[in-house]
Amino acid sequence: MGENWFSKSNETIIPGNPDRIKAKWDPLQYLNLAQYLKVFNEYPRGFNPRVHGPYCPWRHYGKRDLHFGDVKLAEIPAWIARRDKTSMGIYQGGIRTFWKFYRAYLDNKKPNLIWYTQIFVVASLINFVFFAMPDRKQYKWAKYH
Amino acid sequence: MLTKVAHPFIVNRASPLSLTIRPWSISSILFQGASSKFKTDLSSVNWRTEFNGKRLWPHDQWPERDLVNFPPYKLREAPNPVRWYCVPESWFKFFYEKTGVTGPYMFFYGLLVYGFSKEYIVLWYDFTEYLILAAAVITVVKKLGPTVGDTFRGWHQDEVGRYNSVVSNSKAMAGKMLHAYEESLERAKSISLLAEARKDIINMGLEAAYRERMKQMYEAVKRRLDYQVALQNARKDFERTNMINWITDQVKKSITPKQEQDTLQTCLNQLRQIASQSR
């Protein structure tokens, strides 16, 4: 039964399987960068579809921890120590941040251009703080403030 | 972004490719001990969508599904609320308990004033341009923003409606066709009514003719009977008149002159008596 082309255990027929594509002229033989991207193409560790349902990339599926707004000032070092600071954890946090932003401003029935404005403002601030301010220091009106 | 692809499936029996070296992912090599514990093996899940004719939902298949903490996905109606077109409201809510309503406002205006006073924001000759640009942008966005948004959303809704209207139109057409079929069925019934009406008319005509002929028969019989009655009456009448005339003639003939004198004398005597009595 596993020999059917549609069987889940028959990996030979899955489209895009590099083992199946044997042509020498196919760049997949010598330029297969997807093998390095498989690292990023995995579910988080605490995800179980039987409990959590379909995968939502904006959710954290690990152990439930305090929101940054609820943590007290004295507990901040302990809170930071509890976070997953591996490269994979940081990567997944970044993915979650992006998807939260997407869901907040783009994944709705009445979108507007606030997402664009926010990106514009952040980019402007970065430019101002790191590039324009050092330039402007030459044009200061006073030496001591 | 990147969507998940399943782990390489673990075949539990000898497969034609089991002799080759299966390429595991790098994460499996790095987290070899951990991933075998936490990895979810989805190949053993039986994906039933129907059972006994009823549609199965995930909460029917997986009783351990946590719908309270992980509710199903719902498309949001509106984006997060925002102040000054770039600062989210959640920041204002977060600082409300600690600083009150004017907290974030004071923070941002204070940053501005700090920048001016410490000359992090240098007031050079292009500052006027930036000021006027800000005012112009704010005015334009406030005046034209909602209109432009509604226009774009209208165009988008038209495109979405082109897909959704297919189903609505087919439903409407189906309803209209059903109405037409029902109407034709009623018309079919009304045809039988017409036939019945025609039958009734014919029956009424037949009844009228029957009654007409009954009347004719009655009149004919009555005529014959009246004739017989009139005949008998005429016979009787003739006999009576003949007898009366014969009897009176005979009596008149038999009256002698002596009898006539006698009767006259008796009548006169009676009259004298009455005259003497009545006085």
Side-chain angles (χ1 to χ4, degrees), chain A residues 2-3 8-12 18-19 35-43 45-57 59 61 64 69 88 95 98-99 102-115 117-118 120-122 128-129 132-133 136-142 145, chain B residues 1-13 15-17 20 22-23 25-27 30-31 34-35 38-40 42-43 45 58 61-67 69-73 75-80 82 85-88 90 94 117-124 141 145 149 153:
Chain A
E3 283 92 19
K8 280 182 184 135
S9 50
N10 188 358
E11 276 195 299
T12 58
D19 297 336
Q35 59 186 330
Y36 309 116
L37 294 169
K38 274 190 202 167
V39 191
F40 307 103
N41 198 23
E42 284 183 6
Y43 282 141
R45 252 195 249 165
F47 177 67
N48 184 5
R50 295 187 76 103
V51 176
H52 305 128
Y55 177 60
C56 298
R59 292 205 66 110
Y61 287 108
R64 289 292 276 267
M88 200 64 191
I95 296 286
F98 166 79
W99 278 109
Y102 180 85
R103 204 167 137 70
Y105 297 109
L106 287 151
D107 195 18
N108 50 57
K109 289 184 190 170
K110 299 186 78 172
N112 48 26
L113 286 172
I114 283 163
W115 59 275
T117 323
Q118 284 183 342
F120 184 86
V121 163
V122 168
F128 180 78
V129 167
M133 258 169 52
R136 297 286 169 136
K137 282 194 168 125
Q138 304 157 31
Y139 305 109
K140 280 203 287 194
W141 294 104
H145 300 96
Chain B
M1 280 291 197
L2 300 162
T3 50
K4 159 86 170 102
V5 163
H7 284 283
F9 290 107
I10 304 146
V11 180
N12 290 327
R13 49 158 190 81
S15 77
L17 297 153
T20 60
R22 304 237 46 79
S25 62
I26 290 167
S27 64
L30 291 171
F31 304 114
S35 56
F38 296 102
K39 208 159 45 173
T40 318
L42 298 170
S43 55
V45 177
Q61 298 186 67
W62 300 325
E64 58 259 32
R65 173 90 170 88
D66 188 2
L67 288 161
N69 296 322
F70 302 94
Y73 172 74
L75 184 63
R76 301 179 77 221
E77 287 288 334
N80 285 4
V82 141
Y85 221 80
C86 54
V87 175
S90 55
F94 174 71
S117 87
K118 291 280 261 182
E119 285 237 270
Y120 293 128
I121 303 166
V122 178
L123 294 173
W124 204 241
V141 167
R153 263 177 239 127

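The analysis underlying the following values was restricted to heavy atoms, covering all of them including side chains, and did not include hydrogens, waters or symmetry mates. Since the structure is predicted, the reported quantities are computational estimates derived from the model, not experimental observations. We name chains A, B, ... by the order of the sequence lines, and we start the count at 1 in each one.
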> How far does CH2 of W141(A) sit from CH2 of W124(B), to the nearest 0.5 angstrom?
Replying inline: 4.5 Å
> Any idea which of L113(A), I114(A), V129(A) has the most non-hydrogen atom pairs under 4.5 angstrom with chain B?
Replying inline: I114(A)
> Among H145(A), K140(A), R136(A), which residue meets the side-chain hydrogen bond (donor to acceptor under 3.5 Å, both in side chains) test with E119(B)?
Replying inline: H145(A)
> Between R65(B) and H52(A), is there a donor-acceptor pair closer than 3.5 Å when you use the side chain of the first and the backbone of the second?
Replying inline: yes
> Does any heavy atom of chain B fall under 4.5 Å from the side chain of A132(A), the backbone, both, or neither of them?
Replying inline: neither
> Under a 4.5 Å heavy-atom cut-off, does chain B meet the side chain of Y102(A), its backbone, both or neither?
Replying inline: neither
> With only heavy atoms counted, which part of V51(A) is less than 4.5 Å from chain B, the side chain, the backbone, both or neither?
Replying inline: both
> When only pairs under 4.5 Å are counted, which of V121(A), N112(A), D107(A), L106(A) shares the most heavy-atom pairs with chain B?
Replying inline: D107(A)
> Side chain, backbone, both or neither: which part of Y85(B) has a non-hydrogen atom closer than 4.5 Å to chain A?
Replying inline: both
> Of the listed residues (L67(B), V141(B), V87(B), L75(B)), which shares the most heavy-atom pairs with chain A below a 4.5 Å separation?
Replying inline: L75(B)
> Where on Y73(B) is there a heavy atom nearer than 4.5 Å to chain A: the side chain, the backbone, both, or neither?
Replying inline: side chain
> Is chain B contacted by the side chain of R103(A), its backbone, both, or neither, given a heavy-atom distance below 4.5 Å?
Replying inline: both
>> Which atoms of I121(B) are under 4.5 Å from chain A, going by heavy atoms: the side chain, the backbone, both sets, or neither?
In response: both
> Which answer fits F120(A), side chain, backbone, both or neither, if we ask what part of it has an atom under 4.5 Å from a heavy atom of chain B?
Replying inline: neither
> Pick from P71(B), A78(B), G149(B): which one has the most heavy-atom pairs with chain A under 4.5 Å?
Replying inline: A78(B)
> Is Q118(A) close to V82(B) at the side-chain level, that is, under 4.5 Å between some pair of heavy atoms?
Replying inline: yes
